[in-house]
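Read the structure below first, then the notes.
Throughout, protein chains are lettered first and strands after them, A, B, ... in sequence-line order, and every chain is numbered starting at 1. All heavy atoms count here, side chains included; hydrogens, waters and symmetry mates do not. Computed from a prediction, not measured in an experiment: that's the story for all the values here.
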Protein chains: 2
Amino acid sequence: MMTIKELAKKLNISPSTVSKALNDSPEISLPTIKRVKEAAKIYNYKPNKVALSLKSNSTKTIGVILPDILNHFFAKVLLGIEKEATENGYNIITCLSNEFTSKEKDSLELLSNGSVDGFILSVAEETQVSKESAHFKSIKDQNIPLVMFDRVANDIECDKIIIDDFKAAYDATKFLIDKGRKQIALISNIDNLSVGKLRLDGYKKAIEDHQEVSTETLILSVDRSEDPQKKIADFLDKHKNIDGIFAADNTSGVVAINLSRSKGKSVPEDISVIGFADASIANYSTPKLSTINQHADEIGRMSLNLLIKRLHNKDEIKKYETTVIPVTIDQREST
Amino acid sequence: MMTIKELAKKLNISPSTVSKALNDSPEISLPTIKRVKEAAKIYNYKPNKVALSLKSNSTKTIGVILPDILNHFFAKVLLGIEKEATENGYNIITCLSNEFTSKEKDSLELLSNGSVDGFILSVAEETQVSKESAHFKSIKDQNIPLVMFDRVANDIECDKIIIDDFKAAYDATKFLIDKGRKQIALISNIDNLSVGKLRLDGYKKAIEDHQEVSTETLILSVDRSEDPQKKIADFLDKHKNIDGIFAADNTSGVVAINLSRSKGKSVPEDISVIGFADASIANYSTPKLSTINQHADEIGRMSLNLLIKRLHNKDEIKKYETTVIPVTIDQREST
DNA sequence: CTGAAAGCGCTAACAG
DNA sequence: CTGTTAGCGCTTTCAG
């Protein structure tokens, strides 16, 4: 790789002149600037990023720690982060916790040595269950900016991007109620996550406010290690009076639709279904799943923007923001 | 952040002694080593990654450029890459070309300034169509190691990890033939990709070898911008004699199953379906899709390993390897 | 307008 | 066994 020093030698001028010329310093004469830039192009000179980072004490790189990249939601958030990062001249280092606290901790540890300027993360399942947060605290203590999205740690003060899970679930359930549904089930494979609990609460409250039904037998909790089809099929067999389903996670909605139809029920006539997901997932069921759209890409973009804002005013003591992204209901064929 | 210099001052010894002590140099006495390490722990000293990179002229970071992170296959490859990278002490910078040549080019350009030690990539759709390859060539000219997987550029010599798409498609089609299927359709939304073409060829050859059917009317090409459900539904309506479907892409298989059943056909009795996908996608259809498993995570792991091998013998002129990962057929309920 | 020199944080050759 | 020094590639102050 060509360096400034080498370039300077070729041009018979000093390295500092070359550097200034490349940066359009007013100290340098126009002819020299021109000469230097031409030579730079010819020799395909590129400023060494690492040297720049060392000098400026900033890497223009963000660490992103995701619980599960196979989850469509996180993939889409990553898409949003990457897009916004590119536009702002940042790179992203991606780490996957795979829901484990140890991996999450290691990733934070490993990258907090000057590798990145800040972090964006969503809390791993294991961490949410154990409520561990020392590793997050440690990042804060090192004064490294941190943005959490979706699954956030309540006892850590930092910038956060979330949706109103309670309200979204409430509204989705109400949506089914308004369609005349009397026995609305909740299916969830995320009931040990913060967002899962909020969605459960929202569902319960909506039923409580508008119907005289006990939700006890209407709630199905699926473990992600189990076969969802079997679990949901058994559930539907056992509760034949169900006429509405609110799926609190990404995938149960389409599974529920496909299964219902294979059991001879028609959707949405016999069973109406709505779930948290987006358009591409909705396509996996016939009829297409109506969804609560979290605008995952938007969450990604906003997370990055919030982080950048924080990076630019690193010393200013500015109150941490929690931004709530509004969800929308995308009505399709299943309701 | 604590530096060696500061640490040295606290201990009243020279920075070089501290550096050597931290690295267990035999030049340093054991008591000193102990003293230094204890101080390092107390002050939470971490070697600055950027300085290390500058010194060693290597970042221990890999650039990964993916065409589409919402595609489950690429997400899973990323999972494999990340896992293997972590085990080998590498970080990954993720860039998403979103199928565009310009973004792919920019990402390569932007990262080839010392940001990464090498690249892993799968070629963007637009690039495969236009057959552009100057930007890949440029990376080679700069002597930056490059591994391509799945969608590879034939006119670029580099390490490659692929599957035998022709054979996989041939075998999958043959699999349906052996089940007694007479009118086997191909559905694909990737016919302008290298792998899509190979799969089409494999399908055609299998039919040609074993049946006296013209495949002309049995091939459905879906544009990814269209509504796949509508397109596939129309196709099935038009060709009611179809009794087998080979889905050459990730998603059409499950859509085809769900649609077939909604049209009153039973799967696999009336229509038998197999597709390129993996277990989690297979779950989106009832009955569950039988799949050709590409072992995407394995592809990711091997890509990274190949790259690391190349990095470790950067000067050695070693012939480029093309590794073919064997696929397997995961028989489920749809065949 | 150009150049010499210091320094970002670290390692390593060399001197003592 | 410990310390001094130079240098990775770059920017920037200061001197000329």
Side-chain angles (χ1 to χ4, degrees), chain A residues 1-37 39-40 43-61 89 110-117 142 144 314, chain B residues 1-37 39-40 43-61 89 110-117 142 144 314:
Chain A
M1 256 181 69
M2 177 64 49
T3 67
I4 282 196
K5 227 191 199 171
E6 288 167 3
L7 208 55
K9 196 167 283 173
K10 302 240 185 222
L11 293 169
N12 269 319
I13 55 180
S14 80
S16 54
T17 305
V18 173
S19 170
K20 288 171 190 165
L22 289 170
N23 293 308
D24 286 312
S25 162
E27 287 182 23
I28 307 295
S29 70
L30 285 176
T32 307
I33 292 187
K34 191 152 171 278
R35 212 161 66 89
V36 169
K37 287 197 171 172
Y43 293 110
N44 191 27
Y45 167 80
K46 290 181 209 161
N48 182 304
K49 180 76 179 300
V50 177
L52 245 38
S53 295
L54 184 62
K55 191 92 236 282
S56 68
N57 195 26
S58 103
T59 58
K60 290 285 229 170
T61 302
L110 233 67
L111 293 181
S112 59
N113 60 357
S115 292
V116 300
D117 296 344
Q142 294 171 67
I144 304 175
K314 212 176 162 182
Chain B
M1 255 180 70
M2 177 65 47
T3 68
I4 282 196
K5 225 188 195 172
E6 289 168 1
L7 208 56
K9 196 166 284 172
K10 302 237 185 224
L11 293 169
N12 269 321
I13 54 181
S14 81
S16 56
T17 303
V18 174
S19 170
K20 289 171 188 163
L22 289 170
N23 292 308
D24 286 311
S25 161
E27 285 182 24
I28 307 296
S29 70
L30 285 177
T32 308
I33 291 188
K34 189 150 170 279
R35 211 161 66 90
V36 169
K37 288 198 171 174
Y43 294 110
N44 191 28
Y45 167 79
K46 289 181 206 161
N48 182 304
K49 180 76 179 302
V50 176
L52 245 38
S53 295
L54 184 62
K55 191 93 235 284
S56 67
N57 196 26
S58 102
T59 58
K60 290 284 231 167
T61 301
L110 235 67
L111 294 181
S112 59
N113 60 357
S115 293
V116 301
D117 296 345
Q142 295 172 65
I144 305 175
K314 213 178 162 183

What heavy-atom pair brings [X] and [Y] nearest, and what distance separates the two atoms?
{"X": "Ser112(A)", "Y": "Ile144(A)", "result": "CB-CD1, 3.5 Å"}
{"X": "Ser115(B)", "Y": "Thr61(B)", "result": "O-CB, 3.9 Å"}
{"X": "Leu22(B)", "Y": "Ala40(B)", "result": "CD2-CB, 3.8 Å"}
{"X": "Arg35(B)", "Y": "Leu11(B)", "result": "NH2-O, 3.4 Å"}
{"X": "Lys37(A)", "Y": "Ala21(A)", "result": "CE-O, 3.8 Å"}

Starting from [atom2] on [N], measure out to [atom1] on [X] and report it in whole angstrom.
{"X": "Asp117(B)", "N": "dC8(D)", "atom1": "CG", "atom2": "P", "result": "19 Å"}
{"X": "Met1(B)", "N": "dG9(C)", "atom1": "CE", "atom2": "P", "result": "8 Å"}
{"X": "Arg35(A)", "N": "dC1(C)", "atom1": "CZ", "atom2": "P", "result": "15 Å"}
{"X": "Asn57(A)", "N": "dT11(D)", "atom1": "CG", "atom2": "C1'", "result": "14 Å"}
{"X": "Asn12(B)", "N": "dC1(D)", "atom1": "CG", "atom2": "P", "result": "20 Å"}
{"X": "Glu6(B)", "N": "dG9(C)", "atom1": "CD", "atom2": "P", "result": "8 Å"}
{"X": "Met2(A)", "N": "dC8(D)", "atom1": "CE", "atom2": "C1'", "result": "17 Å"}
{"X": "Lys49(A)", "N": "dC8(C)", "atom1": "NZ", "atom2": "C1'", "result": "16 Å"}

Original post:
Base, sugar-phosphate alone, or nothing: which one does Ser53(B) contact when heavy atoms must sit under 4.0 Å apart?
Top reply: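 Contact class for Ser53(B): none.
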**OP:** Report which part of the nucleic acid Asn48(B) touches: base, sugar-phosphate, or nothing (heavy-atom distance under 4.0 Å, all strands).
**Re:**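 Contact class for Asn48(B): sugar-phosphate only.
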Original post:
Tell me, which pairs form a side chain to side chain donor-acceptor pair (under 3.5 Å) where one or both residues lie in residues 2-13 of chain B, sequence neighbours left out?
Top reply: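 Applying side chain to side chain donor-acceptor pair (under 3.5 Å) to every pair that reaches into residues 2-13 of chain B, excluding sequence neighbours, yields nothing.
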Original post:
Distance check: side-chain N/O of Lys5(B) vs OP1/OP2 of dC8(C), anything under 4.0 Å?
Top reply: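 Checking dC8(C) against Lys5(B), a side-chain N or O does come within under 4.0 Å of OP1 or OP2.
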Subject >> Most 5' of Ser14(B) and Ser56(B) on DNA chain D, judged by nearest nucleotide >> reply: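 The 5'-side residue here is Ser14(B).
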**OP:** Scan nucleotides 11-16 of chain C nucleotide by nucleotide, 5' to 3', and note B when protein non-hydrogen atoms come under 4.0 Å of the base, S if they reach only the sugar-phosphate, - if neither.
**Re:** BBBB--
**OP:** Select one nucleotide: of dC8(C), dT2(D), dC10(C), the one nearest the side-chain heavy atoms of Thr32(B).
**Re:**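 Between dC8(C), dT2(D), dC10(C), the one nearest the side chain of Thr32(B) would be dT2(D).
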**OP:** Take Lys49(B) and Thr59(A), measure what side-chain contact (heavy atoms from CB on, under 4.5 Å) needs, and give me the verdict at the end.
**Re:** CA-CA 10 Å; Lys49(B) 180 76 179 302; Thr59(A) 58; over 6 Å; no
